[in-house]
Chemist: 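Take a look at this one; I'll ask things after.
Just so you know, these numbers use all the heavy atoms, side chains as well, and skip hydrogens, waters and symmetry mates.
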Amino acid sequence: MTSDPLVLSRPAEIRAVLADPRFTVEPVPRPPFALTVAWLRGAVGRFAEGSPHAERRAAAEAVLAGLDPDALRAEAFRLASRDTGGRPCPPEPVPVLVLAVALGVRTEDGPEAVEAVAAIAPAYLPGPGAGPGETDVAAADAGLVRLSRLLGDPAPERLAVVAGLLAQAYGPMTGLVRGALAAAPARCAAGAGAGAGAGVWTARELLHETLRHDPPVRTLRRRAPGDGRTVVLDVAAAGRDPETPRGPDLARTGDEPEFLTFGAGPRACPGRQVALALAAGTIEAATR
């Protein structure tokens, strides 16, 4: 009989679990190379422990180190500012489009790459309890084939890093942009009248508020040491905890607080700065 999961929602408790290497992820075995999402999940660092995780994380960090967050932010702003037939460019896909091109997809193939990643992502990161009926594995596998072709059919190790980064970025970055833009009218209206310029929130402030109180990644999961019990880390609830700073003043300090939606400790998201830059450029253009 499986024990009910332990749910933690206080920021200090969540940080303690994320910092403790005894709390592990559910590892995915690595099958032989094939252009399938099952292979991809078994080849990335996210679903690995020990030395495989360390080696694969280092490979992802090396790729991310070659990206310039300021340049990515500027390109996201440029694309999100485009006029497409009299209408602004839809902002949600822009971060993944810019990231795909930065990681090796030709500019003209960027929209097709976004479609491929959109097919991969639901099977790569299925929701809790998602079954075959909720993720189209065949479509995801076909998406990985398309993405590999658009990347020039790289070596398996390179493909795992790039496809993993894009698949992991798709849902969270799309959700972050959507959440920040949805919050913008209410946040700006709430601040109006509090002083000159108080009703205008910057992209940074909108991002900080969204990451605190409506994060795109709402829970993280770990296995407890000993009995292997599932521990659910409710980072969305943690953002609303009384001990969590809130409001635009947090973003105006110039500090970069630790947002638990990016994780923490040895498995913290290595693409945090890239994700924030892409989202900020997109939001700046969409809220002009």
Side-chain angles (χ1 to χ4, degrees), residues 14-73 95-96 98-105 113 116-117 120-121 123-125 144 147-148 150-173 176 216-217 220-223 225 231 233 235 256-279:
I14 292 174
R15 290 191 183 96
V17 168
L18 293 175
D20 190 336
R22 296 176 302 163
F23 288 84
T24 60
V25 301
E26 186 71 41
V28 174
R30 182 169 187 169
F33 172 67
L35 287 175
T36 66
V37 174
W39 166 79
L40 178 62
R41 282 169 54 85
V44 297
R46 185 184 185 102
F47 307 110
E49 285 289 346
S51 58
H53 169 257
E55 293 167 3
R56 297 170 193 176
R57 181 183 176 90
E61 289 174 338
V63 170
L64 290 167
L67 304 179
D68 179 351
D70 290 336
L72 294 176
R73 181 172 183 160
V96 177
V98 175
L99 183 59
V101 172
L103 291 175
V105 172
V117 175
I120 296 167
Y124 178 83
L125 283 177
L144 184 59
L147 182 61
S148 179
L150 294 171
L151 290 166
D153 293 318
E157 292 76 13
R158 172 76 180 182
L159 177 61
V161 170
V162 174
L165 289 173
L166 289 169
Q168 288 168 204
Y170 179 81
M173 283 206 297
L176 179 56
V217 176
L220 302 171
R221 290 176 176 258
R222 294 292 187 269
R223 292 193 307 176
V231 181
L233 307 176
V235 298
E256 281 293 347
E258 181 181 57
F259 298 114
L260 290 175
T261 193
F262 289 108
R267 300 183 70 97
C269 175
R272 167 184 163 140
Q273 294 304 323
V274 166
L276 290 175
L278 288 165

Chemist: Looking only at heavy atoms, which two atoms of Arg56 and Ala48 are closest? And how far apart?
Modeler: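 In this case the closest contact between Arg56 and Ala48 is NH1-CB, 3.6 Å.
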Chemist: Does some side-chain heavy atom of Leu125 sit less than 4.5 Å from a side-chain heavy atom of Phe47?
Modeler: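 Side chain of Phe47 against side chain of Leu125, heavy atoms only: contact under 4.5 Å found.
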Chemist: Indicate the atoms forming the closest heavy-atom contact of Ile120 with Ala167, along with that distance.
Modeler: CG2-CB, 4.0 Å
Chemist: Identify the two heavy atoms, one from Ala60 and one from Leu165, that lie closest to each other, and give their separation to 0.1 Å.
Modeler: CB-CD2, 4.4 Å
Chemist: Quick check: does any side chain N or O of Glu61 sit under 3.5 Å from a backbone N or O of Pro270, one acting as donor and the other as acceptor?
Modeler: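 A pair under 3.5 Å: no.
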Chemist: Taking atom CG of Leu64 and atom CZ of Arg57, what is their separation to the nearest 0.5 Å?
Modeler: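 Going from the CG atom of Leu64 to the CZ atom of Arg57 covers 9.5 Å.
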Chemist: Is any side-chain heavy atom of Pro156 closer than 4.5 Å to one of Trp39?
Modeler: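 When only atoms from C-beta onward are counted, Pro156 and Trp39 do touch, with a gap below 4.5 Å.
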Chemist: Checking Val162 now: which residues fulfil side chain to side chain contact (heavy atoms under 4.5 Å, CB included) with it, not counting sequence neighbours?
Modeler: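 Val162 satisfies side chain to side chain contact (heavy atoms under 4.5 Å, CB included) with Leu103, Leu151, Arg158, Leu166 only.
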Chemist: Let me confirm one number: the CZ-CG distance from Phe33 to Leu159, rounded to the nearest 0.5 Å.
Modeler: 6.0 Å
Chemist: Do Asp20 and Arg222 have side chains that approach each other closer than 4.5 Å (heavy atoms only, starting at C-beta)?
Modeler: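 Of all side-chain heavy-atom pairs linking Arg222 with Asp20, none is under 4.5 Å.
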Chemist: How far apart are the closest heavy atoms of Ala277 and Pro69, and which atoms are they?
Modeler: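 Minimum heavy-atom contact is CB-O, 3.3 Å.
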Chemist: First locate atom CG of Leu67, then atom CD of Gln273, and finally report the distance between them rounded to the nearest 0.5 Å.
Modeler: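 Spacing of CG (Leu67) from CD (Gln273) equals 12.5 Å.
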Chemist: Within this structure, what is the CZ-CG distance for the pair Phe259 and Leu276, rounded to the nearest 0.5 Å?
Modeler: 7.0 Å
Chemist: Are side-chain heavy atoms of Thr261 and Pro216 found at a separation under 4.5 Å?
Modeler: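 Counting from C-beta outward, Thr261 and Pro216 do come under 4.5 Å.
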Chemist: Might you point out which heavy atoms bring Val44 and Ala160 nearest each other, and give the distance in Å?
Modeler: CG1-O, 3.5 Å
Chemist: List the residues meeting side-chain hydrogen bond (donor to acceptor under 3.5 Å, both in side chains) with Glu26, not counting sequence neighbours, and say none if there are none.
Modeler: none
Chemist: Show the nearest heavy-atom pair for residues Glu49 and Val25, with the distance to one decimal.
Modeler: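 Between these two residues, the closest heavy atoms are OE2-N, 2.8 Å.
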Chemist: Do any N or O atoms from the side chain of Arg41 and from the backbone of Tyr124 form a donor-acceptor pair under 3.5 angstrom?
Modeler: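 Present.
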Chemist: From Leu40 CG over to Arg30 CZ, what is the distance, rounded to the nearest 0.5 angstrom?
Modeler: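 Between Leu40 CG and Arg30 CZ, I get 10.0 Å after rounding to 0.5 Å.
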Chemist: Distance from Arg73 atom CZ to Leu278 atom CG, nearest 0.5 Å?
Modeler: 10.5 Å
Chemist: So, Arg267 side chain and Arg46 main chain: donor-acceptor pair closer than 3.5 Å or not?
Modeler: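 Checked: pair present.
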